[in-house]
Amino acid sequence: MAQPKVEKLITAIDIGSWKVSALIAGRTDTGELAILGTGQRESRGVRRGFIADMERTELAVRETVEQAERVAGTNIEDVWVSFSGGSLVSDVVTVERDMAGYRIEQADIDDLLTTGQQGIDPDGRVVLHAQPTCFTINGKVPVKKPLGMHADLLGVDIHVVLADGAPLANLDLCVRGAYLNVNSIVASPIATGLACLSEEERDLGVALVEMGAGVTNVSLYAGGMLVGLHSIPFGASDITDDIASAFGIRRSQAERIKCFYGSAMQNPRDFREMIEIAPPHGEVATAGQVAGPNAEGGKITRAALVGVICERLNQIMTEVNGALAGMGFNTPTGRQVVLTGGGAEMKGIADYAQGALGRAVRVGRPRGLSAMPEAHSGPAFATLAGLALYGASNPVDLRTMAPAPQTVHRIGAPLWWQRMMRAMKTNY
């Protein structure tokens, strides 16, 4: 059987505080989005989602993309890049136009979007996204395609994401320094939502909690769009640092212990299970040697490890709960929380979060792409997969829309007569 022909290449780069990952996907003639190659390197130049070392970040991007290119057997030039810094702000701008009951034409929609474009007030920030999400008829009836319908009032909700300009400029420079063209910088919650949330979840209302290495982003979806954003300056790397500090070991070993033995839920057997640890600087632990303030003889109980993990998780979940309440996510039933990001890979995290937040919680994994490698199918790679889906969808963005020469106005007599004649010909 012949292999599907790849019509378009889409490359995504997720630059996080713990890792830099890249994905090359191909959109086939059957409409499927298939992964052709992936790459990953340790991130050493990013702190809390912001670029802290330009040279190290640029090098990590270059090496990651080269690895993905070798696997895919192709060279790429244009990329989609994620941004997860804490300066993201989300808003919804609503614009309406009086139609006087006449039929909606494309010029009316263009006028409405142009007015919405002109009405966005960035307040000193950079507009990262400005996307029309929902049209309304007569102020209350939501429609996807208003073209050709009759209305007294035509409205549109425009989802706007703003960010500080300097962090975006630094991110753009790092990627271009790796000899790549940036198609667009995409807010991490938007990309992750595409990969992990169903259309029905986004419509009914769902909270997305991205537990990254340095930042935990809490975003709220309702009515099919992102309506709220809040960033918490804590993440999975803080748990690693807590383990390293509590037991006097290196970060690399603390990360390994967290991944292999860590859990968010306590078990009675944890008090009997012992975990061997090495003292700092690579010395060999001798009998009776203390490897840290909470370790004895180069060993710790798993219960002690889980206790350190849960202490930080409790702090993060308290902040998440406060963020959800601040965004109005307080309906006792019918609202779900989806956990994703590297921190969501911890054992028992969904059960812990469900108890801490008092809501139904599931772990979100990327979907919508074929030939996904097993190593990249977890929640830590949801943003990367979402970037590819975002690039393939080619969404409408008002930032790239050319300003129309006409302005919004009430329909005059000549245009009214032309529309009436067209309507009669169409209907009769």
Side-chain angles (χ1 to χ4, degrees), residues 10 12 14 16 21 23 25 32-33 35 80 82-84 88 90-92 128-129 131-134 142 144 157-161 184 186-212 215-232 317 320-321 323-324 327-331 333-345 349-350 353-354 357 359-370 372 376-397:
I10 300 164
D14 181 23
S21 52
L23 181 153
E32 188 178 44
L33 196 62
I35 296 178
W80 301 80
S82 69
F83 178 73
S84 59
L88 293 173
S90 177
D91 193 16
V92 177
L128 198 58
H129 299 282
Q131 299 171 332
T133 56
C134 179
K144 289 186 177 181
D157 292 331
I158 302 171
H159 175 230
V160 181
V161 177
S184 181
V186 182
S188 175
I190 290 182
T192 309
L194 279 177
C196 294
L197 304 178
S198 66
E199 185 176 348
E200 187 175 84
E201 284 177 326
R202 291 194 294 268
D203 186 56
L204 293 175
V206 64
L208 181 66
V209 179
E210 301 173 80
M211 296 183 65
V215 178
T216 297
N217 282 321
V218 183
S219 51
L220 180 60
Y221 282 84
M225 65 180 127
L226 181 64
V227 295
L229 270 175
H230 184 82
S231 293
I232 301 168
M317 289 302 163
V320 169
N321 229 346
L324 292 177
M327 290 187 289
F329 194 73
N330 50 15
T331 303
T333 59
R335 294 286 179 91
Q336 187 181 44
V337 175
V338 176
L339 288 180
T340 187
E345 294 190 341
I349 187 66
Q354 185 163 316
L357 302 176
R359 303 179 183 279
V361 176
R362 72 170 177 87
V363 175
R365 302 179 184 277
R367 53 193 177 188
L369 293 91
S370 63
M372 175 78 79
H376 291 70
S377 60
F381 296 92
T383 300
L384 186 66
L387 279 173
L389 293 171
Y390 184 93
S393 65
N394 194 24
V396 177
D397 199 311

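One-based numbering along the sequence shown. Not measured: the values here are computed from a predicted model.
- Of the inter-residue distances, the one linking Asp91 atom CG with His129 atom NE2 reads 14.0 Å to the nearest 0.5 angstrom.
- The aromatic rings of Phe381 and His376 sit tilted relative to each other, their planes meeting at an angle between 30° and 60°.
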Give the table of side-chain donor-acceptor pairs shorter than 3.5 Å for residues 221-228, with sequence neighbours excluded, one pair per line with atom names and distance.
from: Tyr221; atom 1: OH; to: Pro189; atom 2: O; distance (Å): 2.9

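- For Arg362, the side-chain hydrogen bond (donor to acceptor under 3.5 Å, both in side chains) criterion is met by Glu201, not counting sequence neighbours.
- Annotation: the span from Asp14 atom CG to Ser188 atom OG amounts to 6.5 Å, rounded to 0.5 Å.
- Taking CE from Met317 and CD1 from Ile232, the interatomic distance works out to 8.5 Å, rounded to the nearest 0.5 Å.
- Ser84 and Glu210 share no side-chain donor-acceptor pair at under 3.5 Å.
- Atom NZ of Lys144 sits about 9.5 Å away from atom SG of Cys134, to the nearest 0.5 Å.
- In plain terms, the two heavy atoms of Gly378 and Glu345 that are nearest each other are CA-OE2, 3.7 Å.
- Judged by distance alone, with hydrogens and angles left aside, the side-chain atoms of Arg359 form no donor-acceptor pair with the main-chain N or O of Ala207 at under 3.5 Å.
- When all heavy atoms of Leu23 and Ala388 are compared, the closest pair comes out as CD2-CB, 3.9 Å.
- Taking the side chain as every heavy atom from C-beta outward, Glu199 and Asp203 never approach each other to under 4.5 Å.
- In this structure, Thr340 and Ala382 approach most closely via the heavy-atom pair OG1-CB, 3.3 Å.
- Among all heavy-atom pairs drawn from Arg365 and Pro379, the shortest one is NH1-CD, 3.2 Å.
- Residues Val337 and Leu357 share a closest heavy-atom pair of CG1-CD1, 4.1 Å.
- Asp157 has its side chain out of reach of His159: every pair of non-hydrogen atoms, C-beta onward, lies at least 4.5 Å apart.
- Nearest heavy-atom pair, Ala191 versus Thr383, reported as atom, atom and distance to 0.1 Å: CB-O, 3.9 Å.
- One finds the CG atom of Asp397 at 10.5 Å from the CD1 atom of Ile158 (value rounded to the nearest 0.5 Å).
- In this structure, Leu33 CG and Met372 CE are separated by 9.5 Å, a value rounded to the nearest 0.5 Å.
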Please determine whether side chain to side chain contact (heavy atoms under 4.5 Å, CB included) holds for the pair Val186 and Ser82, giving the CA-CA distance in whole Å, both sets of side-chain angles, and the decisive distance to 0.1 Å. CA-CA 5 Å; Val186 182; Ser82 69; 5.6 Å; no
